[in-house]
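Keep in mind that the numbers below use all heavy atoms, side chains included, and drop hydrogens, waters and symmetry copies. Predicted model, so just to flag it, every value in this text is computed and none were measured.
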Amino acid sequence: MSEVNREIHLASRPTGWPTADNFRLVETELPKPGPGQLLVRNRYMSVDPYMRGRMNDVKSYVPPYPLDAPLDGGAVGEVVAAEADGFAPGDVVLHGLGWREYALVEARSARIVDPDLAPVTAYLGVLGMTGLTAYAGLLDVAAMQPGETVFVSAAAGAVGSLVGQIATLKGAARVVGSAGSAEKVARLRSLGFDAAFDYHDGPVRDALRAAAPEGIDVYFDNVGGDHLEAAISALRPHGRAAICGMISQYNSAEPPAAPRNLAMVIGKRLTLRGFLVRDHEPLREQFVREMSGWLREGRLSYDETVVDGIENAPAAFLGLLRGENLGKMLVRL
């Protein structure tokens with residue numbers, strides 16, 4: 001086992017789009033676990049859009065990343081040393097200290113996962129926070145019902161691709177997705193989306209009207225901006241939108257304008273509801289049972305884009321913001 005740990009630190013706060021200069025690869029001394037702690041050799045870490053917001057020094061639902069310290073995020077790895085009951089070397093655990101090769105983890109913050117039940121990467125994606133976000137957002141926040149029409153933005157991403165499939169499995173009459181390339185549009189159709197379009201090909205409002213001429217009942221928002229505006233126009237009376245993310249404005253240096261048609265929310269009696277996945281933890285047991293069943297039956301698929309090496313974690317994150325991933329973006333350490 002190496003005596004050196006490599007970590008990615010936040011070197012400076014981005015203004016607008018992040019660059020490689022905002023990150024620094026740092027070598028540190030390998031930590032040793034104390035009482036109640038585990039030393040974990042990370043095998044995979046997740047990069048996610050919400051991390052962009054944490055790079056700003058602003059008050060939010062989660063504290064900002066400090067400068068000159070390692071970033072954090074979901075990771076799965078192998079316990080190499082344990083000073084806590086219930087854990088032993090060789091256990092595979094899920095925890096929240098990614099962006100480093102070795103993590104000193106409080107045992108109470110780690111969860112043992114079974115690599116024989118599913119690939120370990122699934123616990124960062126389809127069976128982890130990503131999957132629960134899709135499941136809770138669609139079925140609890142937006143309260144989708146059988147027979148409804150659902151529109152999903154960033155539908156080829158880790159969350160969006162699952163939302164569309166869950167909607168179909170739960171009896172949606174029509175599922176429409178937007179994505180950023182012809183390749184991604186083709187992938188959505190292979191996943192069972194009834195219609196899909198590349199938002200680069202023209203106004204989103206026009207593409208959505210063509211894909212769902214009778215309107216939509218549910219919008220799962222990962223993008224904001226012109227997608228949210230188009231969805232408000234397309235939503236039928238009493239339609240619902242689950243606001244998961246607004247990646248189109250994360251790197252904007254200026255405050256974004258509200259959708260120009262926001263007043264339509266009144267006459268249509270629409271519900272636009274933001275949510276955080278952590279508020280839906282009571283659904284986890286139901287989610288795991290149902291999602292794992294669909295996976296075993298071959299009724300649900302998921303994609304992963306894997307980048308190798310801790311030194312390439314910043315590039316993976318920047319690629320995620322540019323939409324270079326298909327499905328979940330992961331770094332193999």
Side-chain angles (χ1 to χ4, degrees), residues 132-157 159-180 185 188-189 191-249 255-277 279-280 282-283 286-287 290:
L132 183 57
T133 299
Y135 187 92
L138 179 68
L139 302 179
D140 193 16
V141 178
M144 190 215 90
Q145 300 299 312
E148 293 190 320
T149 296
V150 177
F151 172 44
V152 188
S153 58
V159 172
S161 59
L162 297 177
V163 172
Q165 293 180 83
I166 295 169
T168 298
L169 288 163
K170 287 292 188 178
R174 188 168 180 79
V175 180
V176 177
S178 73
V185 166
L188 294 181
R189 289 178 175 142
L191 290 175
F193 282 70
D194 298 290
F197 60 85
D198 183 344
Y199 60 82
H200 294 110
D201 289 345
V204 175
R205 181 181 296 189
D206 294 345
L208 180 56
R209 185 182 297 117
E214 297 182 8
I216 63 175
D217 302 288
V218 168
Y219 173 47
F220 194 103
D221 190 16
N222 293 303
V223 174
D226 57 351
H227 280 72
L228 178 56
E229 188 171 289
I232 289 172
S233 290
L235 279 163
R236 296 168 176 150
H238 303 289
R240 291 91 62 208
I243 312 298
C244 178
M246 294 191 175
I247 197 170
S248 68
Q249 62 196 53
R260 293 168 296 179
N261 58 351
L262 194 58
M264 296 178 74
V265 170
I266 303 167
K268 291 187 176 186
R269 287 86 82 201
L270 304 181
T271 299
L272 311 183
R273 181 179 168 195
F275 73 101
L276 301 177
V277 66
D279 296 334
H280 300 272
L283 278 178
Q286 173 186 320
F287 149 73
E290 197 156 20

Aromatic plane relationship, Phe197 with Phe151 - under 30° parallel, 30 to 60° tilted, over 60° perpendicular: parallel

His280 and Val141: CA distance, side-chain angles, deciding distance, side chain to side chain contact (heavy atoms under 4.5 Å, CB included) verdict: CA-CA 9 Å; His280 300 272; Val141 178; 3.6 Å; yes

Residue pair [X] / [Y]: nearest heavy atoms and the distance that separates them:
X	Y	value
Pro259	Ile232	CB-CD1, 4.0 Å
Ser161	Leu191	CB-CD1, 4.1 Å
Ala234	Leu208	CB-CD2, 3.6 Å
Arg236	Asp217	NH1-OD2, 2.7 Å
Gly137	Ala242	O-CB, 3.5 Å
Ser248	Val223	OG-O, 2.6 Å

Rounded distance (nearest 0.5 Å) linking atom [atom1] of [X] with atom [atom2] of [Y]:
X	Y	atom1	atom2	result
Ser233	Asp206	OG	CG	10.5 Å
Leu139	Leu283	CG	CG	8.5 Å
Leu138	Leu169	CG	CG	10.5 Å

Taking [X] for its side chain and [Y] for its backbone only, find out whether a donor-acceptor pair lies under 3.5 Å.
X	Y	result
Glu148	Gln145	yes
Asn222	Ser153	yes
Arg240	Ala143	yes
Arg209	Ala230	no

Any residue meeting side-chain contact (heavy atoms from CB on, under 4.5 Å) with Ala134, in chain and number order, not counting sequence neighbours: Val159, Leu162, Val163, Ile166

Do the side chains of [Y] and [X] get nearer than 4.5 Å, heavy atoms only?
X	Y	result
Phe220	Met144	no
Leu228	Tyr219	yes
Val150	Lys170	no

Over 12 foreign heavy atoms within 6.0 Å of CD, Glu214: no

Test side chain to side chain contact (heavy atoms under 4.5 Å, CB included) applied to Asp226 and Arg205, step by step: CA-CA 8 Å; Asp226 57 351; Arg205 181 181 296 189; over 6 Å; no

Name of the residue among Leu188, Ile216, Val218, Thr168 meeting side-chain contact (heavy atoms from CB on, under 4.5 Å) with Val175: Thr168

With Phe193 via ring-ring contact (aromatic ring centres under 6.0 Å, His included) - residues at least two apart: none

Qualifying salt bridge (charged side-chain N to carboxylate O under 4.0 Å, His left out) pairs, either residue in residues 255-272, two or more places apart: Glu229-Arg260

Side-chain donor-acceptor contact under 3.5 Å, His227 with Ser178: yes

